[in-house]
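Step one of this worksheet: look at the structure below.
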There are 2 protein chains.
Amino acid sequence: MNETQNRPVKTAETSFALLEQLAQADGDALGVTELAQRLDLAKSTVHRHVGTLESLGVVVRDDDEYRIGLRLLDYGLRARDQHALSTVARPKVEELAEETGEKVWCITEQQGRSVHLYGASGKNSVQTSARAGAWGYLHQHAAGKAILAHLPAERVQHIVDGHGLPAKTPHTITDENELFEQLEQIADRGYAFNREESIAGLHAVGAPITDDDGVATGAISISGPANRLKGEWLTETLPDLLLGATNEIELNLSFS
Amino acid sequence: MNETQNRPVKTAETSFALLEQLAQADGDALGVTELAQRLDLAKSTVHRHVGTLESLGVVVRDDDEYRIGLRLLDYGLRARDQHALSTVARPKVEELAEETGEKVWCITEQQGRSVHLYGASGKNSVQTSARAGAWGYLHQHAAGKAILAHLPAERVQHIVDGHGLPAKTPHTITDENELFEQLEQIADRGYAFNREESIAGLHAVGAPITDDDGVATGAISISGPANRLKGEWLTETLPDLLLGATNEIELNLSFS
DNA sequence: GGCTACGTTCGTATAACTCGAACAAGAGTT
DNA sequence: AACTCTTGTTCGAGTTATACGAACGTAGCC
């Protein structure tokens with residue numbers, strides 16, 4: 001197919017392996033020796049790489065240590081801005097947060113994984129580990145399942161084959177058949193639930209944003225504590241609000 | 001010195017040159033041939049590169065065209081989160097926008113350039129081309145001049161030598177002596193003005209956020225239309241509000 | 001149906017990347 | 001204060017792996 005089984009550019013891979021290390025080292029910077037050990041490279045190699053990356057602005061040096069640089073903020077936010085959902089859906093996401101008082105996220109899919117584009121907080125929003133730019137698994141979230149339910153079956157299969165169904169809580173769907181059953185329900189009803197499948201004590205509703213062909217390009221979720229998101233509020237009111245928002249977003253997307 | 005006059009890693013440079021092209025191509029994706037022409041590379045080289053970058057998640061392919069990928073959003077936002085100002089200053093920035101009704105930006109310096117970390121909009125905020133993640137020249141902005149005024153003189157000289165004083169409007173400071181004079185004033189008074197030096201019709205006030213040694217780590221600016229930001233409101237009230245905010249931020253920074 | 005433009009593949013020359021050893025510099029320790 | 005250990009840095013050389021160009025496959029267009 002169009003899968004390039006070409007040899008990848010090793011140098012580019014090590015560049016991003018370095019960035020990954022620096023990004024993971026939350027807060028404190030890393031030195032040449034430590035980076036070389038972690039990536040099993042010669043010190044001189046790392047030295048040369050970080051020097052280049054520094055001149056590109058993607059890493060920054062404090063004295064003799066390196067941290068991730070802000071040129072990546074430029075690239076990253078431009079990547080987000082180029083996504084149709086970032087401009088069109090944002091007002092609606094904030095509106096939903098205001099109306100419900102809960103945390104609302106706009107999510108998209110890339111290469112079989114979920115990416116949190118941005119979120120909005122309501123008055124009673126919970127603080128979770130979720131953050132904009134974070135990557136996750138589609139089957140672990142309400143919004144992710146909503147996306148999966150509105151993707152061609154072959155792509156879903158390909159995603160499941162490629163990434164598996166890793167668990168995050170005891171309630172995460174780990175069985176392929178169970179997932180496909182749920183996805184069918186979700187496709188019928190138009191929205192998905194997440195009952196402690198990603199974080200213990202957290203419930204959520206998610207609805208997809210689809211293009212003219214009915215294929216999901218993203219999704220929006222409302223999440224909050226399980227003891228508040230329950231009963232009709234969870235199963236009726238929130239889905240209604242959500243579908244109202246996504247429908248409007250889809251309309252705006254069609255004419256832009 | 002510590003300036004590596006080593007040969008840079010060319011492969012890493014072309015990787016980021018590709019990303020730069022894709023980031024600049026706002027909206028529409030680029031094909032292999034076009035990228036090869038722009039960067040003066042062989043098609044096969046570009047093909048191999050974008051294939052690698054795709055597997056890393058930093059570029060994404062639509063059919064036969066490539067656009068910038070959301071893995072960079074992850075890196076970029078983590079880079080911002082690692083910056084002390086992003087967590088500490090944000091509430092104050094939003095408060096200022098609320099109080100003044102104008103646009104408020106939090107800015108930092110990296111490698112002699114300014115980077116907009118994030119902004120907050122008040123009720124009457126103007127819409128400019130400014131966006132989070134954008135890079136600019138320190139001498140063109142109120143916040144940038146505030147930073148320059150609180151940097152060691154040798155670093156300022158080094159920055160001016162390295163980047164020059166390019167103009168953006170007829171009012172931009174382009175003379176080195178004039179800049180140094182203004183910086184002295186700004187250092188004395190504690191805040192800087194921008195009178196149509198970056199955008200015609202736009203005024204701004206900027207104040208630095210300094211560390212325990214008095215060196216600027218960033219700055220905050222309030223900007224709005226010239227016919228609204230004038231008189232005592234511009235020269236007295238806004239600076240007072242601004243200094244109140246930055247002082248508080250500096251205190252919070254000392255104890256974190 | 002042929003022409004053009006594009007993405008893709010492959011083999012090869014050589015450019016440039018990786019390595020290791022040696023050097024310099026600083027901090028911590030006795 | 002001398003010594004040691006660790007760190008960043010430089011350099012040269014071997015060889016890997018990168019870039020190229022030509023050829024192929026393919027789709028769209030005239």
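Whole-Å rounding puts the B:Asp62 CG to C:dG7 C1' distance at 15 Å. Regarding A:Asp64, its CG atom lies at a distance of 17 Å from the P atom of C:dA24, rounded to whole Å. At whole-Å resolution of the value, CD in B:Glu65 and C1' in C:dA5 are 13 Å apart. Taking atom CG on B:Leu30 and atom P on C:dA5, their separation rounds to 19 Å, with Å as the unit. When the C1' atom of C:dC17 is taken as reference, atom CG of A:Leu39 falls 16 Å away, rounded to whole Å. Atom CD in A:Glu54 sits about 14 Å away from atom P in D:dG8, given to the nearest Å. When rounded to the nearest whole Å, the span between NE2 of A:His47 and C1' of D:dT6 equals 16 Å.
Inspection of the A:His139 and A:Thr172 side chains reveals no N or O donor paired with an N or O acceptor under 3.5 Å. Using a 3.5 Å distance cut-off with no hydrogens or angles, the side chains of B:Thr52 and A:Glu13 do not pair a donor with an acceptor.
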Carefully, step by step, assess B:Ser221 and B:His141 under the rule side-chain hydrogen bond (donor to acceptor under 3.5 Å, both in side chains). CA-CA 9 Å; B:Ser221 71; B:His141 305 274; over 6 Å; no
Does the side-chain hydrogen bond (donor to acceptor under 3.5 Å, both in side chains) test come out yes or no for B:Gln24 and B:Glu20, once each step is laid out? CA-CA 6 Å; B:Gln24 279 176 14; B:Glu20 183 64 41; 3.0 Å; yes
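Inter-residue side-chain proximity for B:Asp64 and B:Val32 is flagged as unmet; no heavy-atom pair is nearer than 4.5 Å.
Cation-pi check for B:Arg80 over B:Tyr118 is not met; the charged atom does not lie both under 6.0 angstrom from the ring centroid and within 45 degrees of its normal.
At a threshold of 4.0 Å, the pair A:Arg38-A:Glu34 counts as salt-bridged, since one of the basic side-chain nitrogens sits closer than that to a carboxylate oxygen. Classification of B:Asp62 and B:Arg67 as a salt-bridged pair holds, one side-chain N sitting under 4.0 Å from a carboxylate O.
Relative to the axis of its first five pairs, the axis of the last five pairs of the helix from C:dG1-D:dC30 to C:dT30-D:dA1 sits at 40°, rounded to 10 degrees.
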Classify every nucleotide of nucleotides 16-23 of chain D by which part a protein heavy atom approaches to under 4.0 Å, writing B for the base, S for the sugar-phosphate alone and - for neither, in 5'-to-3' order. -SBSBB--
